[in-house]
Each structure stands twice: as structure tokens, then as C-alpha cells.
Amino acid sequence: MNLLISALGVLGVASSGPLIAGTLGATSVTALAIAFWRNAIGAVVMAAPVAIREPKQFGKINRREFGWSTVAAVALAFHFACFITALQLTSVAAATALVCLQSAWIAVFQLFRGARHRWPVLLGLGIAFGGVVAITGFDMGSSPQALLGDVLALAGGALAGLYTLAGGKARQSMGTGTYTTLCYGMCAAIVAVLALLSGQPLAGFDAGGWLGILAITVCAQLVGHTAFNHLLATMSPLLVSMIILLEIPGAAILAAIFLNETLPAGTYAGLALILIGLAVVVSGQRRGKGEADQREAELGTD
């Protein structure tokens, strides 16, 4: 059963990049519209069980929980803005691999905060950085647009790391449903403001556009991340986090099949280095108390 759920989870999150790129390329849907609707729908879906079972939970949110949830929501909103825009500029495979560096960014943030990592973590960071250099180097030679997409994807990964750390703080005393409802809801509101300021419409799309938004929300947000959250109850967080890394080759394969995306051999080498480096980082990190809660906060970005 866990094998089937794992396969559904990987397929769900790996489909995010190809579905977003396909929707943006074939319809009039805007990048911020995708970010808005997947979070707005996600907030409603997550709010329903809490409102039915424990409606008073939303009234018990304190200042500390609200503050960390706000930081997480801001980081998540700009993460989506960066990642989805990157998919319009660079390849799906490169954007997905670079944004998946959030685990490495978390380790880097912890270094700046004075944490001491074991040597495998530092080795993994070095390997993953080599993959970044390989991908951006080849994209620099192909077009400035692709390089900009790489930079935005890297920024999206850093913002995802910040989202995870802030969410972990909030989740220390908040339930999953309460936190995700608040975070996704505020994220949708922030994205709506960004859309208003940038002139990107959030509605008025054709049927194909709405179908793309629905597919992205169901596959990536509800099926993919719900599957991994379920696995956390029956499998170790370390194993789940390793399975999540299959999103990188999964997105590359789906983009090649459905979007006819072909990449230089050097870019595929960079993807492999990032995948190996992140695997070393994840397996080398010390597992502390409350990591499962932090991992649940981490699920739900791309």
C-alpha cells in the first residue's frame, strides 16, 4: 500500500512543473493566477475538516503563531511567483531541480545561524552546487532568458527553505489543518495583491485554462502532498524526504514525454549532481525532535 501511495505522491509533485509549463504555454492563464487558485482552493479544502471538527481552533491562534504563519505565507507567495515565472523562461527539468534545492538552502541558513553540520552534509552541498554551476553554465551559453529563469528558480528554492523553517516554528503549537488553512489563505491574499500590482488577471480564462488550474491543484497540491503527509504517519521522515527527491527525474521525464523537452547532456549531468547532492544532504543531516512536523510544513510548495 505504501508503495502505491509513494508512487502517487511522486507522480503528483513531479507533474507540477510540466502541468504549469503546459498550462502557461497553451492557455491565457497567468503565472500568478496559478499560484492564487491553487492556494485559495487548498485553503478551502484544508479548512473544511477543521471547521467541522474543531471550529474553535481558528480563534485560538496566538500572536506568535500568526507571526510565523505570516512569514511562511509571504515566503510561499514569492516562492510560487519565482518558480512559476521560471517555468516560462527555462526548462521544466532545470527549474524543478533548482527549486528543489530548498533542503540545501535550509542547511545553509542553519550554517549562518551557527549550526555545525556533519561532513556528509557539507559534501552534499558541494555536490549540489556543482550541479547548479553545470545547469546555469549551459543555460548562460544558450540564452539570457534561460539564465534568468535559473536565477528565479534558485530564489524560489531559497524562499521554499524559508517557508519551511518559518512553518516549522508555527507548527510547534499548531495543527496541520489550522496552519495550512491560515498559511495558504494568506498566501493567496498576497498573490492577489501582487497580481493587482503587476496587472496579471486572476480570472476570465477559457475552459482549457481552468482545466489546467484544476489539474495542477488536484495533482500537485492535493494528491501529491497529501500522499506524502500520509506516508509520514507510517514511514520515517528520512525515507519520505528521499522519495520526494524523485520529483527531479520525474519532472524531467514527464517534460520530455509530454512537452518534447530535450536538454544538453551537460544539463542532465547537472540534474544528476543536484539529485545526488541533495540525497547526501538529507541522509547526512541529524534528525532532531519535531522533524516530522517540519517535514509536513515543507510539503506543499511546488
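Numbering starts at 1 and runs along the sequence shown.
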Could you go through residues 252-274 and list every donor-acceptor pair under 3.5 Å that involves a side-chain atom there, pairing it with any protein atom two or more places apart or in another chain?
residue, atom, partner, partner atom, Å
Glu261, OE1, Val92, N, 2.8
Glu261, OE2, Val92, N, 3.3
Glu261, OE2, Ala93, N, 3.2

(request) Please list all pairs passing the side-chain hydrogen bond (donor to acceptor under 3.5 Å, both in side chains) test where one or both residues lie in residues 144-153, with sequence neighbours left out. (result)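 Sorted result for residues 144-153: Thr90-Asp150.
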Taking the side chain as every heavy atom from C-beta outward, state whether [X] and [Y] have any atom pair closer than 4.5 Å.
{"X": "Val99", "Y": "His79", "answer": "yes"}
{"X": "Thr27", "Y": "Phe205", "answer": "no"}
{"X": "Gln57", "Y": "Met174", "answer": "no"}
{"X": "Val45", "Y": "Tyr184", "answer": "no"}

(request) Could you point out which residue of Leu152, Leu148, Leu24, Leu32 forms a side chain to side chain contact (heavy atoms under 4.5 Å, CB included) with Thr85? (result) Leu152
(request) Have a look at Ile216 and tell me which of Ile20, Val29, Ile84 forms a side chain to side chain contact (heavy atoms under 4.5 Å, CB included) with it. (result)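 So the option named by the test is Ile20.
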(request) Output, in order, the C-alpha distance, side-chain angles, deciding distance and verdict of side chain to side chain contact (heavy atoms under 4.5 Å, CB included) for Arg64 and Gln172. (result) CA-CA 11 Å; Arg64 176 188 172 280; Gln172 289 176 359; 2.9 Å; yes
(request) Sequence neighbours left out, what passes side-chain hydrogen bond (donor to acceptor under 3.5 Å, both in side chains) with Ser173? Give chain and number order. (result)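 So Ser173 forms a side-chain hydrogen bond (donor to acceptor under 3.5 Å, both in side chains) with Glu65.
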(message) Using modelled atom types and a 3.5 Å cut-off, is there a donor and acceptor pairing between side-chain atoms of Trp68 and backbone atoms of Gly168?
(response) no
(message) Could you check whether any side-chain N or O of Trp105 sits under 3.5 Å from a backbone N or O of Leu162, counting only pairs where one atom can act as donor and the other as acceptor?
(response) no
